[in-house]
Amino acid sequence: MGHRTTNLGTGLLAFCLLATSAAAQDLPIPEEWSTHYAWFLVVNPEYSPGAQEAERAVTAAHIQYQLRLQENGQAIAAGGLGEGPGESIIGLTIIRAESLAEAKAIAAADPAVEAGRLIAWVREWWVPAERLP
């Protein structure tokens with residue numbers, strides 16, 4: 001399981017240069033960026049909970065899945081998020097994958113997503129190369 005390293009080119013570099021003043025820019029802007037994937041877990045508003053026992057089983061399976069992703073190195077980190085006003089995002093996982101399609105497949109295999117309780121939003125996430133474990 002790897003991550004991709006890419007050069008985002010002069011467009012991003014130009015944006016970064018315009019967004020910061022010359023006096024405030026003390027660090028060089030990286031030329032190499034690593035692509036990881038941010039997976040947001042979102043409450044499915046159309047989900048109808050089942051029996052309490054079944055819901056506990058889905059929760060336990062979801063937590064085990066997230067722990068295993070971290071254990072086998074597919075996820076850098078995973079965990080729940082505090083409540084925000086009017087927000088339905090309740091969790092975040094940072095995934096290592098070779099492609100967006102692979103990251104989406106990993107997210108879709110989460111038991112809470114398969115059960116329809118949660119929806120998985122997966123986005124590419126670019127960070128300076130070699131900054132994450």
Student: How would you list, by chain and number, every residue that makes a side chain to side chain contact (heavy atoms under 4.5 Å, CB included) with Ala78, sequence neighbours excluded?
Tutor: Gln66, Gln70, Thr93
Student: Would you compute the distance between atom CD1 of Ile95 and atom NZ of Lys104 and round it to the nearest 0.5 angstrom?
Tutor: 11.5 Å
Student: Could you pull out the closest heavy-atom pair between Leu92 and Ala38, with the gap in Å?
Tutor: CD1-CB, 4.2 Å
Student: Should Val43 and Trp39 be regarded as members of a common hydrophobic cluster, given that ILVMFWY residues are connected when their side-chain heavy atoms come within less than 4.5 Å of each other, either directly or indirectly?
Tutor: yes
Student: Does one hydrophobic cluster hold both Ile94 and Val127, with members joined at side-chain heavy-atom distances below 4.5 Å?
Tutor: yes
Student: Does any pair with a residue in residues 35-45 pass salt bridge (Lys or Arg N to Asp or Glu O under 4.0 Å), and if so which ones, sequence neighbours excluded?
Tutor: none
Student: Which other residues end up in the same hydrophobic cluster as Leu67, if Ile, Leu, Val, Met, Phe, Trp and Tyr are linked when side-chain heavy atoms come under 4.5 Å apart?
Tutor: Ile63
Student: Among the clusters formed by ILVMFWY side chains lying less than 4.5 Å apart, do Ile90 and Leu69 turn up in the same one?
Tutor: yes
Student: Please give me the minimum heavy-atom distance between Ala75 and Arg96, naming the atom from each residue.
Tutor: O-NH1, 4.2 Å
Student: Do Tyr65 and Leu41 land in one hydrophobic cluster if side-chain heavy atoms of ILVMFWY residues count as linked below 4.5 Å?
Tutor: yes
Student: Where is the tightest heavy-atom contact between Ala103 and Val122, given as atom of each residue plus distance?
Tutor: CB-CG1, 3.8 Å
Student: Could you check whether any side-chain N or O of Asn44 sits under 3.5 Å from a backbone N or O of Ile119, counting only pairs where one atom can act as donor and the other as acceptor?
Tutor: no
Student: Just verifying a value: how many Å separate Thr59 OG1 and Leu118 CG, rounded to the nearest 0.5 Å?
Tutor: 8.5 Å
Student: If you measure from OH on Tyr37 to CD1 on Ile106, what distance do you get to the nearest 0.5 Å?
Tutor: 9.5 Å
Student: With sequence neighbours excluded, tell me which residues meet salt bridge (Lys or Arg N to Asp or Glu O under 4.0 Å) with Glu53.
Tutor: Arg56
Student: Could you tell me which residues satisfy side chain to side chain contact (heavy atoms under 4.5 Å, CB included) with Ala61, sequence neighbours excluded, listed by chain and number?
Tutor: Pro111
Student: Between Val42 and Ser88, which heavy-atom pair has the shortest distance, and what is it?
Tutor: CG1-OG, 3.1 Å
Student: Rounded to the nearest 0.5 Å, how far apart are CH2 of Trp125 and OG of Ser34?
Tutor: 10.0 Å
Student: Write out all pairs satisfying salt bridge (Lys or Arg N to Asp or Glu O under 4.0 Å) with one or both partners inside residues 105-117, taking only residues at least two apart or from two chains.
Tutor: Glu55-Arg117
